[in-house]
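Note sheet for the following structure.
Not measured: the values here are computed from a predicted model. Each chain gets a letter, A, B and so on, in the order its sequence line appears, and its residues count up from 1.
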There are 2 protein chains.
Amino acid sequence: MRQNDTLDFVHHGDKYFLHHLSIDCVIFGYHERQLKVLLLKWKNAEKWSLPGGFIKLEETLEDAASRILTERTGLSQLFLQQFHTFGEPKRSVRTAADIAHLESIWKTDVPKEHWLLKRTVSIGYYSVTEYSQVNPQPDYLSDECTWHDIHSIPQLVFDHNLIVTEALKALRMQINLQPIGYNLLPKKFTLPEIHDLYETILDKKLDRRNFPKKLLSLGIIKKLDEQKSIGAHRSPFLYKFDKRKYDKALKEGIVLAF
Amino acid sequence: MRQNDTLDFVHHGDKYFLHHLSIDCVIFGYHERQLKVLLLKWKNAEKWSLPGGFIKLEETLEDAASRILTERTGLSQLFLQQFHTFGEPKRSVRTAADIAHLESIWKTDVPKEHWLLKRTVSIGYYSVTEYSQVNPQPDYLSDECTWHDIHSIPQLVFDHNLIVTEALKALRMQINLQPIGYNLLPKKFTLPEIHDLYETILDKKLDRRNFPKKLLSLGIIKKLDEQKSIGAHRSPFLYKFDKRKYDKALKEGIVLAF
DNA sequence: AGTTTATTCTGTGAAAAATACGCAATGGTA
DNA sequence: TACCATTGCGTATTTTTCACAGAATAAACT
């Protein structure tokens, strides 16, 4: 089955997919002050890569990104954001195939003008998710599918290290223009929790006293009368997002300038 | 000659260019409080379009964007910035060809799987230039090549109206993170001149008295001892960019928050 | 067992800095 | 001397910075 899938993809993929184009997804995972990236390890290869794939002939770019992500990792319903398109001439799927388990297929008979040997331009998407509850599943092309800390990313195939760097840059810029956290925090959360989230993503200290003021004055978060017990310390108040104002800020943009 | 070029492009372009991919450039032109966009009018057609073209097999995306721009408009050496990739499934060059002077070629014999009929994903680039000294020249595919005020852009082919809107959004966001003006103003300029530039691009009022403070405190511009004569009015002081700090801000980013 | 002390985290108010804005001063021309 | 765009000044308002008081619990002590 799986071997047939692979053969079909290699030999007939050119009829289903746009040539020269691919999509790569940088999925950031957040949990308890840690920011990670989801990487796949190809079968019989030592190098890691981003989840990626091709675009069907009659599919929007967003749909393709979403489908690829689900196929490769089992994750779905993520908010994906396009951030840059990478197209150095030397990029091609061949390099990948060389180190993957497709090797045996190539060795037998590979026409010089095969679609997978062509130069490939890749459109980059990123997303952020809470990773503690999620259990990503590798597909038939991959051995492993695991989270890697943003500070210790291994060497990746092609220009994928560059893609991760650029995605992180885009995410950090985006955070100043759109709210974040609705999908990353529990329904009710404390100020330290959302504060930690922002500090981790931006990788810098944010003043504990000023931080809530902006979000509160914009009405994006609201204070509740409840408090959370956190053991041997003063109980922090709980907050929740004001979904209407949150969505409005998401749509129209804001200037947080953290 | 020109007809031969066209025929060669239509019949053999598939051997020189990446399929399914194109580049569109939004060139903003600034002059005396006016922001315009450079548009081409195709021969024998009433609709306007952005300058665009295809990517050669062994060419970086940036080189392609730069080459396309020079070929279509005669402009060169512009700083181009990639901002988004557009790929709705219905996009194809065919729609364009239908209304262009290539019509006659299509009518005779056009194979269903011709490369120009395929779905096309377009990578968007933008730039800003001083347009008063520039005289854009249409190429052999176009009748006209003229500047259109940002507030009265005609109906464009495909999704080009959307591309212009998105480019403008990206430019306005970019302005808050990087300095602008080095290529748009004379070596020595007055505060009102650079003030007008920012107001025009952002399309909103900026306080006349506080505006210079940010640029001066960041050291990006420096006051000179000279003044400029502007007729029957008080002579404004001249300023110049501090190229080192300007380039540093360009590279590392700043937060202007206008 | 009850009380005190120590620790660690949350929460706010007051001072400083930056920004907004009205208004007056400047300088060049007619 | 009237005009007008540019410039500078002074005060009101907002935003940012910063330090200490308060709360909750565990451990130590009597």
To the nearest Å, how far apart are D196(A) CG and dC9(C) P?
11 Å
Between K223(B) and dG8(D), is there a side-chain N or O to OP1/OP2 distance below 4.0 Å?
yes
From C-beta outward on R209(B), which listed nucleotide comes closest to its side chain: dC9(C), dC21(C), dG27(C)?
dC21(C)
Picking from dT19(C), dT29(C), dT25(D), which would you name as closest to the side chain of S229(B)?
dT29(C)
Axial cation check for F28(B) ring with K36(B), 6.0 Å and 45° limits
no
In whole angstrom, what separates H233(A)'s NE2 from dA26(D)'s P?
10 Å
Quick check on K214(B): does its NZ atom have over 12 non-hydrogen neighbours (other residues, nucleotides or ligands) under 6.0 Å away?
yes
Candidate nucleotides dT16(D), dA5(D), dT12(C), ranked by approach to the side chain of K213(A) - the nearest:
dT16(D)
Nearest-Å distance, CZ (R208(B)) to P (dA5(D))?
11 Å
Test side-chain hydrogen bond (donor to acceptor under 3.5 Å, both in side chains) on Q82(A) and Y126(A); report intermediate values, then the result.
CA-CA 7 Å; Q82(A) 191 198 116; Y126(A) 73 80; over 6 Å; no
From Q178(A) CD over to K251(A) NZ, what is the distance, rounded to the nearest 0.5 angstrom?
12.5 Å
Closest listed nucleotide, where the reference is the side chain of K214(A) and the choices are dG11(C), dC23(C), dT16(D):
dT16(D)
Among dA26(D), dA5(D), dT7(D), find the nucleotide with the atom closest to the side chain of L191(B).
dT7(D)
Please give, in whole Å, the distance from dC9(C) P to F237(A) CZ?
19 Å
N210(B) side chain near dT19(C) phosphate (N/O to OP1/OP2, under 4.0 Å)
no
Rounded to the Å, how far apart are D207(A) CG and dA17(C) C1'?
14 Å
Confirm from the modelled atom types if R234(A) and dG22(D) form a donor-acceptor pair under 3.5 Å, side chain to base only.
yes
From CD1 of I194(B) across to P of dA5(D) the rounded distance in Å is 21 Å
Find the distance F211(A):CZ to dT15(D):C1' and express it as a whole number of Å.
17 Å
Tell me, do W48(B) and E144(B) make a side-chain contact under 4.5 Å, heavy atoms counted?
yes
I230(B) atom CD1 is separated from dT7(D) atom P, nearest whole Å, by 8 Å
Sugar-phosphate, base or nothing in reach of K228(A), heavy atoms under 4.0 Å
nothing
